[in-house]
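Please read the structure below before turning to the comments.
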Amino acid sequence: MKNALYRGLTALTLSTALAGFSTSCTKDLDQTPKYELTGDKVYVGLAGYKQVLAKLYGGFALTGASGPGSGDITGIDAGTSDYIRQWWSAQELTTDEAVIAWNDPGVQEWHKLSWDASDPLTRGFYSRLYYEIAICNEFLREATDDKLSSRLSSSEQEQGKLFRAEARFLRAVAYYHVIDLFGNGPFVTEKDPVGGPLPVYNTRQQLYSFVESELLALTNDLATPRTNEYGRVDQAAAHGFLARLYLNAGVYTGTPQYAKAATEAKAVIDAGYTLSTTAAPAVASAYGRLFLADNHLASAKSEIIWPVIFDVNSVQSYGGTTFLINGATSGADASWQRLVGQTTGWGGLRTTSALFDKFFLAGGDTTRDRRGRFYTKGQTLAITDLSQFTQGLGVVKYRNVNSAGVAQGASLNFSSVDFPMLRLADMMLIYAEAATRGSGDRTLALGYVNQIRRRGFGLPTTTASATADITDAQLTSDFILDERARELHWEGTRRTDLIRYSKFVTGAYLWPWKGGISGGKAVDDKYKLFPIPASDLTANPNLKQNPGY
């Protein structure tokens, strides 16, 4: 079962009160989560370590130990506080790919690029990131060589060290997102004493160096590719996040690292993962199968390098893919609900004409590209009022049905679609972009892009196609940006991509309601980073606010 990783997680978190630890301000980052049981009673044998490891993975999917409405961080609605929901919103609602109808505090400011240091959503995600870092640090304090040797048999210690490597990876991902979204911030590892001084402030360059060194080590320390339990990471995941880190190194450090990005992406491509190429007849294309409720099975499983697991019965939250399905579905359209495998809709998320136009170019018939699935009944393409759900097209990407078209636990109205945090097609496009920037084999890159496009058009990936294929002359960096939008839309990459291309805050590229006006406008350069929450600046005088806030 795909939820085997989380088995026993609820009982553990309730008994230890692990979910009661809050990072609502950075003064808590050097503290141990408050246990009712001591470490010696929690980390009992390999099973005890694995249960806590499950909590670390669960930090990306769950919000609290008492069910989907419970929260393990403060200062934000529990359902909203989910890691994937917050990260996705920061990456997508701020761009041309998504808008939202709700008027909860701070939510419209994200699409209008007009937030400030008191924004509750920004503070909520910042807290979620550092909560994940804190629980990973605590696990690592209990997973030193000395503690592993005293608690595990000699035959179990290698497995314990593998768990430790996975905890380091999950912490590196959280710090990577700090780098990408906040740039600078507090820095604490397991080596910092519990109850010691307030966390130190690290610059973006310092955090970058730490994440780079961790991921480089983990390309050896994690399990070899495709040998780990489903839902757990392997060496390919470390190479994959290094590829993302290096692809954006010019933004993060001022020094581009496209050659390194190509090398790391190629390491993933050669690791044995393959594109999903088998359609689910009458249900989904081979591409669409990646986003169904059984994407933990072949052939989708062959492409997804790191899935964040969701399950309608045992891994529930109001974030994750439940948010991406229910939030993007009308509550008044039963046909729409049946299409996505639910019996309700929240009436929130839609897309703008800018994403639609990437698939349906004026004067060109590109309707055979099956990656762009939009719900148009009762919806308008133009948006004159962001708060009106019927304005803007629905995006039908994530669907809570299996490959036979059967809805999964629809009466519960949660999702069983696992979220693809990292998949092969992204690595192929990273390699291709690096090649367009002079770092990579253009012939190889062209082959990767055309495989992806053939799959998107429902064609065999190994057969040349006049319909889907592009030429070497068409393989440009700007083309790759648009191709990333077509292939990776609503997967949490768009904001980072637009910043890398200098199109996020400038007038070089406008989309509806960018900057708060219907036609879009350039905004202040400061919005390339989110601010350190004002409350944390007050709590920790070591911190410095990002420029402009």
Side-chain angles (χ1 to χ4, degrees), residues 91 165 168-181 183-184 202-225 233-273 305-306 421-449 452 475-481 483-484 487-488 491-502 504 528:
Q91 288 287 90
R168 288 171 63 194
F169 173 84
L170 298 175
R171 181 181 64 181
V173 170
Y175 268 126
Y176 169 79
H177 288 145
V178 172
I179 293 167
D180 188 63
L181 291 150
N184 319 283
N202 267 19
T203 64
R204 202 177 210 183
Q205 176 66 68
Q206 289 173 310
L207 293 175
Y208 177 97
S209 296
F210 172 76
V211 170
E212 179 187 27
S213 64
E214 286 286 276
L215 292 174
L216 284 170
L218 292 168
T219 61
N220 295 311
D221 294 349
L222 288 168
T224 55
V233 296
D234 59 25
Q235 293 171 0
H239 285 294
F241 266 88
L242 273 171
R244 287 184 174 177
L245 186 73
Y246 289 139
L247 183 69
N248 295 290
V251 174
Y252 300 155
T253 71
T255 303
Q257 298 285 4
Y258 293 115
K260 289 183 178 181
T263 298
E264 297 300 329
K266 188 67 163 55
V268 181
I269 295 166
D270 294 342
Y273 290 91
I305 299 158
W306 175 29
M421 282 291 275
L422 201 65
R423 62 183 180 92
L424 182 63
D426 183 18
M427 298 297 107
M428 297 168 81
L429 290 171
I430 287 175
Y431 186 91
E433 182 178 335
T436 67
R437 299 181 186 276
S439 299
D441 183 323
R442 286 186 62 90
T443 300
L444 193 60
L446 184 62
Y448 292 153
V449 172
I452 290 169
L475 184 65
T476 65
S477 296
D478 282 343
F479 179 87
I480 294 298
L481 178 62
E483 190 64 20
R484 286 183 65 84
E487 177 69 20
L488 301 171
E491 292 184 55
T493 67
R494 188 59 171 169
R495 170 190 160 276
T496 303
D497 289 345
L498 290 173
I499 290 174
R500 186 173 66 257
Y501 276 79
S502 298
F504 183 62
K528 289 191 291 186

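- Counting only heavy atoms from C-beta outward, the side chains of L245 and K260 never approach each other to under 4.5 Å.
- Annotation: side chain of I430 is not in contact with side chain of E264 (no heavy-atom distance under 4.5 Å).
- With R494 contributing its side chain and R484 its backbone, the two residues share no donor-acceptor pair below 3.5 Å.
- Counting only residues at least two apart or on different chains, no salt bridge (Lys or Arg N to Asp or Glu O under 4.0 Å) pair has a member in residues 247-256.
- Minimum heavy-atom separation, R204 to V251: NH1-O, 3.5 Å.
- Y448 is listed as a side-chain neighbour of K266, based on a closest heavy-atom distance under 4.5 Å.
- Of all the heavy atoms in L216 and T219, the pair that sits closest is O-OG1, 2.6 Å.
- You'll find the side chain of E487 reaches within 4.5 Å of the side chain of R423, heavy atoms only.
- When the side chain to side chain contact (heavy atoms under 4.5 Å, CB included) test is applied to A432, the partners found at least two apart in sequence or on another chain are A445, V449, I480.
- Using a 4.5 Å cut-off on side-chain heavy atoms (C-beta onward), D180 and Y252 make contact.
- Judged by the 6.0 Å and 45° rule, R437 forms a cation-pi pair with Y501.
- A side-chain N or O of Y246 and one of E212 form a donor-acceptor pair less than 3.5 Å apart.
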Where do I179 and F210 land on the side chain to side chain contact (heavy atoms under 4.5 Å, CB included) test, with the steps shown first?
CA-CA 11 Å; I179 293 167; F210 172 76; over 6 Å; no
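- Residues G240 and M427 come closest through the heavy atom pair CA-SD, 3.6 Å.
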Using salt bridge (Lys or Arg N to Asp or Glu O under 4.0 Å), reason through D497 and R500 one step at a time and then give a plain yes or no.
CA-CA 5 Å; D497 289 345; R500 186 173 66 257; 3.0 Å; yes
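- With sequence neighbours excluded, no residue forms a side-chain hydrogen bond (donor to acceptor under 3.5 Å, both in side chains) with S502.
- When only modelled atom types and interatomic distance are considered, Y175 and N202 share no side-chain donor-acceptor pair under 3.5 Å.
- Looking at heavy atoms from C-beta onward, R495 lies out of side-chain contact with L498 at the 4.5 angstrom threshold.
- Counting only heavy atoms from C-beta outward, the side chains of T476 and T436 never approach each other to under 4.5 Å.
- Atoms CD and OG1, on Q206 and T203 in that order, are 3.5 Å from each other to the nearest 0.5 Å.
- Distance OG1/T496 to CG/N248: 6.0 Å, rounded to 0.5 Å.
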Show your working on side chain to side chain contact (heavy atoms under 4.5 Å, CB included) between R244 and F241 and close with a plain yes or no.
CA-CA 5 Å; R244 287 184 174 177; F241 266 88; 3.8 Å; yes
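- Shown here for L215 and A172, the closest heavy-atom pair between the two residues is CD2-CB, 4.1 Å.
- Q235 is linked by a side chain to side chain contact (heavy atoms under 4.5 Å, CB included) to L222, T224, P225, counting only residues two or more places apart in sequence or in another chain.
- Of all heavy-atom pairs spanning L424 and I305, the tightest one is N-CD1, 3.8 Å.
- Residues meeting the side chain to side chain contact (heavy atoms under 4.5 Å, CB included) test with A217, sequence neighbours left out: R168, D221.
- For the pair Y273/L422, no side-chain contact is recorded, criterion being any heavy-atom separation below 4.5 Å from C-beta on.
- In this view, A249 and Y208, T253, Q257 satisfy the side chain to side chain contact (heavy atoms under 4.5 Å, CB included) rule, not counting sequence neighbours.
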